[in-house]
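Just below is one structure, and these are the notes that go with it.
Predicted model, so just to flag it, every value in this text is computed and none were measured.
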Amino acid sequence: MTSLEQYLGSLSDKRVGVIGAGVSNMPLIRMLRAAGVQVTVHDQKDPTELGDGYATLATLGVDFVLGEHYLDALNEDVIFRTPGVHPGLLEAARALGSEITSEMELFFAACPCPIIGITGSDGKTTTTTLVSEILKHAGYTVHLGGNIGTPLLPRVSEMKENDLAVVELSSFQLMGMKHSPHIAAITNLTPNHLDYHKDFDEYVQAKTAIYRNQGENDRLILNLDDEVTRSLHASGNLFCTSKKQELANGVFLKDEIIYIAENGVRRELMAAGDIRIPGAHNVYNMMMAAAVVQGYASDDDIRAVATTFGGVEHRIEFVREKDGVKYYNDSIASSPTRTIAGLESFQQKVILIAGGYDKHIPYDVLGEPICQHVKTLIVTGATAPKIRDCVLAVGGEHPPVLEVENLETAVREAAAQAQPGDIVIMSPASASFDRFKNFMERGKLFKSLVNAL
C-alpha cells in the first residue's frame with residue numbers, strides 16, 4: 001500500500017472540507033470521493049457562477065457551502081486550503097481542532113521520488129522549466145507542475161522512485177508547509193503580493209518555508225547577488241549563484257563566462273552569450289538551473305538546453321514583426337522588478353505598455369529604469385497613476401506618458417507611435433486581476449490584438 005493510499009484510508013471516518021471548487025482542486029476532490037471520504041466543498045461562488053463545475057461536483061456526491069459566507073461554517077476534521085485563501089482566515093477552524101493542510105502538502109507527503117522545488121519573486125517559471133528540460137535531456141522521467149499550472153497529486157500513482165518531480169512553488173502554496181523538497185532554490189526576493197500578505201516579512205517567511213524543513217542531505221540554492229536571499233541560512237547543504245563574486249561552491253560568472261565550482265575546484269561551463277533566451281535576468285535563470293541540476297545532469301546536458309531553449313510563453317515572447325516594428329509579450333511581469341529585467345533585455349529604448357491590478361507594492365524603483373530604457377510609455381489599469389507618477393517624479397528628461405482606457409487602446413496607440421526599427425513590449429509591472437483571470441489570459445489577448453494589426 002502506498003503512502004497516499006494509507007493517508008486516504010486514514011480519512012475514512014473523518015469529515016473533510018475542500019476550499020475552492022476550481023479546476024486545480026477537482027482532482028483532489030475526485031480522489032477523496034473515490035476513497036469514500038465525506039467531502040464538503042466551500043466556495044465563494046454560487047452554483048450559477050460555478051457553471052459545469054457545480055454539476056460535476058454534485059454528481060460526485062459532495063456537500064456544498066457556497067456564497068459570501070463560505071468560510072463561516074468551517075468545522076471539518078481536515079480542511080484542504082486553496083492557495084488563494086490566506087491561512088489567517090482559517091484560524092477559527094484551527095482553534096476548533098481542524099487540521100489545516102493543502103493539496104501540495106499531501107503531494108509532498110505522498111510523492112515517491114525526489115522533489116526539486118523552486119520559488120522566488122522573479123524567474124521561477126523560466127528556471128523551473130529549464131531545470132525540467134535539462135533533466136529530461138539527461139534521461140530522467142520528469143514530472144513538472146505546481147504553480148506552473150499542472151496539479152501533481154493525481155499523477156503520484158504514475159511516479160517511480162527513480163523519477164524526479166520538479167515543482168514551482170508560490171508564496172501562497174508555501175504558507176504553512178511542513179515539508180521541504182530535497183533540492184530547494186530561491187531565485188530572489190523582492191516586495192510582491194502585498195495585497196495578500198500583511199507585509200514583506202510575511203511574504204519572505206512564506207517563501208523560506210521551502211527549505212525550513214530540509215535535512216542535512218538536502219540542498220539549498222540561493223542567489224548571492226540578491227540582498228534578501230544573501231541573508232538566508234541553509235538547513236541543509238548550501239550551493240549558490242553569483243554574477244558578482246567567485247564562489248568555492250556554486251555557479252558564478254566571470255568575464256562573461258559561466259563557471260561551476262565544487263569544493264574550490266572550478267570548471268568552465270559556457271559563455272553567457274551562448275544562452276539563447278535574451279536578457280541579463282535569463283543568465284541568472286540559467287545559472288540557477290545549472291546549480292539545481294548538479295549531481296543529476298552533465299555539463300553537456302546543461303549546454304544543450306541553454307543553447308536551444310527558446311523561452312516560456314508570456315516571458316519576453318516574440319509575437320511578430322509588423323511594418324518593421326517588433327512586438328514582445330511579457331505578460332508574466334507582474335512586479336516592477338520583472339519589468340525592469342524585461343527593459344534591460346533590449347539594447348535600445350522601447351515603447352512600453354504597462355499597468356494592471358494593484359497589489360499594493362511600491363513602484364518608485366520603476367521610475368529611473370523607465371526613463372533610461374523607454375521612448376514612449378503607455379499605461380492602463382489600476383496602477384496606471386502609480387507608474388505615471390513614479391516616472392514624472394524623476395528629475396530631468398522622461399518619456400511621454402499616455403494613459404489609455406484598456407489594452408485594446410494601448411496596442412492601437414503603440415502601433416500608431418511606433419516607427420520602423422522600434423520595439424513594443426507589454427510588460428505590465430502589475431498583476432492581471434483587474435480585468436483578466438490571470439497573466440496568461442492577458443498575454444493571449446495582447447498577442448491576438450498584435451496579430452490583428
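Side-chain contact between Ile210 and Thr119 is present, with heavy atoms from C-beta onward closer than 4.5 Å. Taking 4.5 Å as the limit, some side-chain heavy atom of Met270 sits within range of a side-chain heavy atom of Ile275. With contacts defined as side-chain heavy-atom distances shorter than 4.5 Å, the pair Lys359/Ser430 does not qualify. Put simply, the side chain of Thr56 reaches to within 4.5 Å of the side chain of Arg30, judged on heavy atoms. Residues Ile19 and Asp43 form no side-chain contact, since every pair of their non-hydrogen atoms from C-beta on lies 4.5 Å or further apart. Side-chain contact between Thr2 and Val156 is absent, with no heavy atoms from C-beta onward closer than 4.5 Å. For the pair Asp46 and Glu49, the minimum side-chain heavy-atom distance is below 4.5 Å. Looking at Asp13 and Asp77, their side chains never come closer than 4.5 Å, going by heavy atoms from C-beta outward.
Side-chain atoms of Ser334 never come within 3.5 Å of backbone atoms of Ala431 as a donor-acceptor pair (strictly under, hydrogens ignored). Between the side chain of Asp330 and the backbone N or O of Gly342, no donor-acceptor pair lies under 3.5 Å. Between the side chain of Thr127 and the backbone N or O of Lys124, no donor-acceptor pair lies under 3.5 Å. Between the side chain of Arg15 and the backbone N or O of Asn75 there is at least one donor-acceptor pair closer than 3.5 Å. Formation of a donor-acceptor pair under 3.5 Å by the Tyr363 side chain with backbone atoms of Ala429 is found in this model. A side-chain donor-acceptor contact under 3.5 Å links Ser345 to the backbone of Ala341. Side chain of Arg442 to main chain of Leu407: no donor-acceptor pair is present (N/O by atom type, distance under 3.5 Å, no hydrogens or angles). For the pair Glu91 (side chain) and Gly88 (backbone), a donor-acceptor distance under 3.5 Å is absent. Looking only at distances, no side-chain donor or acceptor of Asp299 sits under 3.5 Å from a matching main-chain atom of Leu269. Here the side chain of Asn249 pairs no donor or acceptor atom with the backbone of Glu262 at under 3.5 angstrom.
Listed here is the closest heavy atom pair of Phe108 and Met177: CD1-CE, 3.7 Å. Between Leu4 and Ala110, the closest heavy-atom pair is CB-CB, 3.8 Å. When all heavy atoms of Asp434 and Gly381 are compared, the closest pair comes out as OD2-CA, 3.7 Å. Across every non-hydrogen atom of His182 and Gln214, the tightest pair is O-NE2, 3.4 Å. Minimum heavy-atom separation, Val78 to Tyr7: CG1-OH, 4.0 Å. Nearest heavy atom pair, residue Ala206 against residue Met175, reads CB-CG, 3.5 Å.
Taken to the nearest 0.5 Å, the CG atom of Asn237 stands 8.0 Å off from the CZ atom of Arg219. Rounding to the nearest 0.5 angstrom, the gap separating the OG1 atom in Thr339 from the CD1 atom in Ile425 is 8.0 Å. Atom CE in Met286 sits 9.0 Å away from atom CZ in Phe309 (nearest 0.5 Å). One distance of note links CD1 of Ile118 with OG1 of Thr125; it measures 9.5 Å at 0.5 Å rounding. If you take CD1 on Ile260 and OG1 on Thr241, they are separated by 12.0 Å, rounding to the nearest 0.5 Å. Between the OG atom in Ser102 and the CD atom in Gln173 there is a gap of 8.0 Å [rounded to 0.5 Å].
In this structure, Tyr327 has its ring center at least 6.0 angstrom away from the ring center of Phe446.
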Requested in this report: Check the pair Arg435, Thr380 against side-chain hydrogen bond (donor to acceptor under 3.5 Å, both in side chains), reporting the backbone distance first and the verdict last.
Outcome: CA-CA 11 Å; Arg435 297 174 182 173; Thr380 185; 3.1 Å; yes
Query raised in the report: What do the steps show when you test Gln44 against His69 for side-chain hydrogen bond (donor to acceptor under 3.5 Å, both in side chains), and what is the final call?
Result: CA-CA 7 Å; Gln44 192 170 18; His69 301 288; over 6 Å; no
Query raised in the report: Which is it for Glu103 and Leu152 under the side-chain contact (heavy atoms from CB on, under 4.5 Å) test, yes or no, and what are the steps along the way?
Result: CA-CA 9 Å; Glu103 180 254 356; Leu152 289 171; 5.6 Å; no
Query - Verdict with supporting geometry, Ser448 and Asn451, side-chain hydrogen bond (donor to acceptor under 3.5 Å, both in side chains) - result: CA-CA 5 Å; Ser448 174; Asn451 285 319; over 6 Å; no
Requested in this report: Test Val424 against Val350 for side-chain contact (heavy atoms from CB on, under 4.5 Å), laying out the working first.
Outcome: CA-CA 6 Å; Val424 173; Val350 303; over 6 Å; no
Query raised in the report: Please walk me through it: do His143 and Asp163 pass side-chain hydrogen bond (donor to acceptor under 3.5 Å, both in side chains)?
Result: CA-CA 8 Å; His143 304 277; Asp163 295 350; 2.9 Å; yes
Query - Step-by-step side-chain contact (heavy atoms from CB on, under 4.5 Å) determination, Ile302 to Val293 - result: CA-CA 8 Å; Ile302 299 170; Val293 301; 3.8 Å; yes
Report task. Kindly indicate, with the supporting measurements, whether the criterion side-chain contact (heavy atoms from CB on, under 4.5 Å) is fulfilled by Leu32 and Val18. Result -> CA-CA 10 Å; Leu32 291 168; Val18 176; 3.9 Å; yes
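When each of Asp226, Thr229, Asp122 is paired with Asn188, the side chain to side chain donor-acceptor pair (under 3.5 Å) condition holds for Asp122 and for no other. Just one of Val16, Leu153, Val39 meets the side-chain contact (heavy atoms from CB on, under 4.5 Å) condition when paired with Leu28; it is Leu153.
In this structure, Glu99 does not pair ionically with Lys14, as no charged nitrogen and carboxylate oxygen lie closer than 4.0 Å. We find that Glu105 and Arg81 are not joined by a salt bridge, their nearest charged nitrogen and carboxylate oxygen being 4.0 Å or further apart. Salt bridge status for Glu227 with Arg230: absent, with no side-chain N to carboxylate O gap under 4.0 Å. A salt bridge between Glu313 and Lys444 is present, with a side-chain N of the basic residue lying under 4.0 Å from a carboxylate O of the acidic one.
Partners of Ser242 according to the side-chain hydrogen bond (donor to acceptor under 3.5 Å, both in side chains) rule, which considers only residues two or more places apart in sequence or in another chain, are Asp225. Under the ring pair (Phe, Tyr, Trp, His ring centres under 6.0 Å) criterion, Tyr328 pairs with Phe318, Phe346, sequence neighbours left out.
Atom CG of Asn162 has 12 or fewer neighbouring heavy atoms from other residues, nucleotides or ligands inside a 6.0 Å radius.
Remark: Arg266 is positioned above the aromatic ring of Tyr259, its terminal NZ or CZ atom under 6.0 angstrom from the ring centre and at most 45 degrees off the axis. Judged by a 6.0 Å distance limit and a 45° cone about the ring axis, Lys243 is not positioned over the six-membered ring of Phe252.
Defined by atom type and a distance below 3.5 Å, a donor-acceptor pair is missing between the side-chain atoms of Arg303 and Thr307.
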